[in-house]
Amino acid sequence: MSYVLGIDLGTSSLKGIVMNKAGQVVGEASAEYEIDSPAPGFSEQHPEYWVVACEEVLTRLSIEVADFGAELEAISFSGQMHSLVTLGEEGKIVHPAILWNDVRTTKQCEQIMAEFGDSMIEITKNIVLEGFTLPKILWLQQNKPEVWAEVRKIMLPKDYLAFVLTGNMHCEYSDAAGTSLFDIEKCDWSAEICEKFGIAMSILPPVVSSMEQVGVVNAGYAKRFGLKREVKVFAGGADNACAALGAGVVSEDYALVSLGTSGVFSSFEADISNYKGKLHFFNHVIPDANYSMGVTLAAGNSLNWFKNTFGKGLSFAELLADVYTVAPGSEGLLFTPYIVGERTPHVDSKIRGSFIGIDTRHELKHFARAVLEGITFSLKDAQILMEEAKNKKFKQIISVGGGAKNADWMQMQADIFNAEIIRLEVEQGPGVGACMLAAVGSGWFADFEACRDVFVQYKDATFTPRAENVKKYEKLYEVYTQVYPATKNICGTLTDLQEV
């Protein structure tokens, strides 16, 4: 039976997942790598780390899957967004990749938005943040002009890996949309932005659809890993777009909530929307489609912090064992998860978290429930923006990550989002989306809906909103939205005092 391989190039590891035409996972492997931090706020990786990890994963898969070499038909990718890869003559790396979570570029972001902010939002549909690619380019121009002078091409991580495998350079729409260099509506690089910031159009790779075949695995790798067929390579997509596809979000009726270290609420967008920077808006991996995305910076991170600080020695199951005994609203206790700043809808690096309403009757279980509720409220901010823009409600919300592992939290999500919540039978992350791109690109399925029906399976249990809880949470959410404006100046002053 033929196989496709999805390669997910993440921040700390590269994962490979092999699937067959029945949507079954027949093999998976991963390899980790380091993040380098040569100075405070710097986050870098040498692209060679990704190449070595990919080779290690391919080696493991060729051993684990007996007929891997004979039956592998196609490869596609999911990749970390925004990170800047710089190539010189003959594709030589001239500087370590500056990653999405690097925060050295605050001044460059301020410069871009001060000089060209309205135009940036109109062209790219996003405000410029430290994570994006354009401010990294400006940082190189201003701080390492000798390096910038050597640059002949810029790429994004997964596209660089595809270049290594095929010898061909490209970028695709969903990743290009996160660079602050891409015209979302025209689906092409913006000459206006490049001219404004002194970037030659020639350094930008050709841009293609996520489903476009960008080459075949070169002869050297084919021989090394025993590949008997001419293995097609498809462009792939940004990790969040692939995660949504891999969860089956292929129409506007559904949304995805992902609760990892950060939290993401995303939805499919058939048409162009301009949220004026309050939400991220990017081109999708699905042809002629887009997706919107709200981010809370500390979702699972808030729960980890709470456990490590107040629940030392407890497992997560033990920490949350009694939250079901606490009524919605945690008996007047409210938590805002701004412990590392916030992104949606408040782009504010100085805001900090709060417990509001503490009194003597509150125990560990009240605080634990308040943390779960506060994280979910923070993602409801994004849900509200999307539903108001669409003038509709989501039919179902698919929950993945840590929040999908706890039944009590799943019920809170159903009540707070006021929507049915469902879970995946098996979570494989963005790698499944990459496999789906390879499968549809290879002609296994007529469209993504048909592919979803085979590749994506959901648990039978559905969490349905409870009317009495929905009403209570609607009132509590109104209170939650008042905490940010009430604490913004206080938190800003406290942060400034620490820097004195």
Side-chain angles (χ1 to χ4, degrees), residues 79-84 98-103 105-139 154 156 171-194 196-197 199 204 207 210 237-244 256 262-285 289-297 341-349 379 381-386 388-390:
Q80 53 165 296
M81 296 179 70
H82 313 306
S83 304
L84 175 64
I98 304 177
L99 302 189
W100 65 272
N101 57 354
D102 186 289
V103 293
T105 57
T106 301
K107 291 181 179 179
Q108 287 74 30
C109 291
E110 292 171 349
Q111 174 195 341
I112 294 165
M113 293 308 294
E115 295 179 4
F116 210 56
D118 290 342
S119 295
M120 291 298 301
I121 293 174
E122 185 61 32
I123 297 169
T124 71
K125 310 304 180 206
N126 295 283
I127 61 174
V128 179
L129 300 171
E130 285 87 349
F132 288 19
T133 316
L134 174 59
K136 296 173 173 52
I137 292 174
L138 266 61
W139 187 90
I154 67 168
L156 293 161
C171 185
E172 52 73 43
Y173 300 153
S174 70
D175 234 357
T179 62
S180 296
L181 291 165
F182 196 68
D183 189 315
I184 295 288
E185 294 190 63
K186 295 179 180 177
C187 288
D188 204 355
W189 302 114
S190 170
E192 187 177 358
I193 294 174
C194 289
K196 174 66 180 179
F197 296 104
I199 300 169
L204 302 173
V207 64
S210 303
D239 52 5
N240 285 299
C242 285
L256 175 70
S262 60
V264 172
F265 193 103
S266 65
S267 73
F268 182 97
E269 302 255 2
D271 301 314
I272 295 291
S273 298
N274 191 341
Y275 292 101
K276 304 296 184 183
K278 291 185 178 180
L279 291 171
H280 296 313
F281 188 85
F282 301 124
N283 300 91
H284 213 314
V285 293
N290 311 285
Y291 70 101
S292 54
M293 185 175 73
V295 177
T296 185
L297 293 179
E342 191 51 310
R343 178 72 57 82
T344 302
H346 315 293
V347 181
D348 189 339
S349 62
L379 292 166
D381 285 335
Q383 178 196 15
I384 294 289
L385 287 168
M386 294 173 191
E388 288 181 347
K390 299 170 187 291

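Here the side chains of M120 and N126 are not in contact, with every heavy-atom distance at 4.5 Å or above. Side-chain contact between P345 and L385 is present, with heavy atoms from C-beta onward closer than 4.5 Å. Taking 4.5 Å as the limit, every side-chain heavy atom of T296 sits out of range of all side-chain heavy atoms of T344. Contact of the C171 side chain with the L204 side chain is not registered, since no non-hydrogen atoms from C-beta on lie closer than 4.5 Å. The side-chain heavy atoms of L138 and T105, taken from C-beta on, include no pair separated by under 4.5 Å. Between E122 and N274 the shortest side-chain heavy-atom distance falls below 4.5 Å. By the 4.5 Å heavy-atom criterion applied to side chains, L129 and R343 are counted as neighbours. Here the side chains of D183 and E192 are not in contact, with every heavy-atom distance at 4.5 Å or above.
With 3.5 Å as the limit, one finds no donor-acceptor pair spanning the side chains of S180 and T124.
For the residue pair C187 and Y173, the shortest heavy atom distance occurs at O-CE2, 3.8 Å. Between Q80 and D239, the closest heavy-atom pair is CA-OD2, 3.6 Å. Residues I154 and I137 come closest through the heavy atom pair CD1-CD1, 3.7 Å.
For the pair E130 (side chain) and D102 (backbone), a donor-acceptor distance under 3.5 Å is absent. Not one N or O on the side chain of D175 forms a donor-acceptor pair closer than 3.5 Å with the backbone of A238.
A search for ring-ring contact (aromatic ring centres under 6.0 Å, His included) contacts involving F281 returns nothing, not counting sequence neighbours. Partners of W139 under the ring-ring contact (aromatic ring centres under 6.0 Å, His included) rule, at least two apart in sequence or in another chain, are F42. Considering only residues two or more places apart in sequence or on other chains, H284 meets the ring-ring contact (aromatic ring centres under 6.0 Å, His included) condition with F268, Y291.
With a 6.0 Å radius and a threshold of 12 heavy atoms from other residues, nucleotides or ligands, K390 has its NZ atom above the threshold.
To the nearest 0.5 Å, atoms OG (S266) and NE2 (H280) are separated by 11.5 Å. Atom CG of D118 is separated from atom NZ of K276 by 8.0 Å, given to the nearest 0.5 angstrom. Atom-to-atom distance recorded for Q111:CD and L134:CG is 9.0 Å, nearest 0.5 angstrom. Here NZ of K136 is found 7.0 Å from CD1 of I98. Values are rounded to the nearest 0.5 Å. Interatomic distance, S292 OG to F282 CZ, rounded to the nearest 0.5 Å: 10.5 Å.
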*Dump the intermediate steps for side chain to side chain contact (heavy atoms under 4.5 Å, CB included) on L156 and M81, then the final yes or no.*
CA-CA 7 Å; L156 293 161; M81 296 179 70; over 6 Å; no

*asked:* Evaluate V207 against D188 for side chain to side chain contact (heavy atoms under 4.5 Å, CB included), listing each step before the verdict.
replied: CA-CA 7 Å; V207 64; D188 204 355; 3.7 Å; yes

*In sequence, state the C-alpha distance, the side-chain angles, and the governing distance for K125 and E185, and then conclude on side chain to side chain contact (heavy atoms under 4.5 Å, CB included).*
CA-CA 9 Å; K125 310 304 180 206; E185 294 190 63; 2.9 Å; yes

*Apply side chain to side chain contact (heavy atoms under 4.5 Å, CB included) to the pair F197 and L181, showing each step before the final yes or no.*
CA-CA 10 Å; F197 296 104; L181 291 165; over 6 Å; no

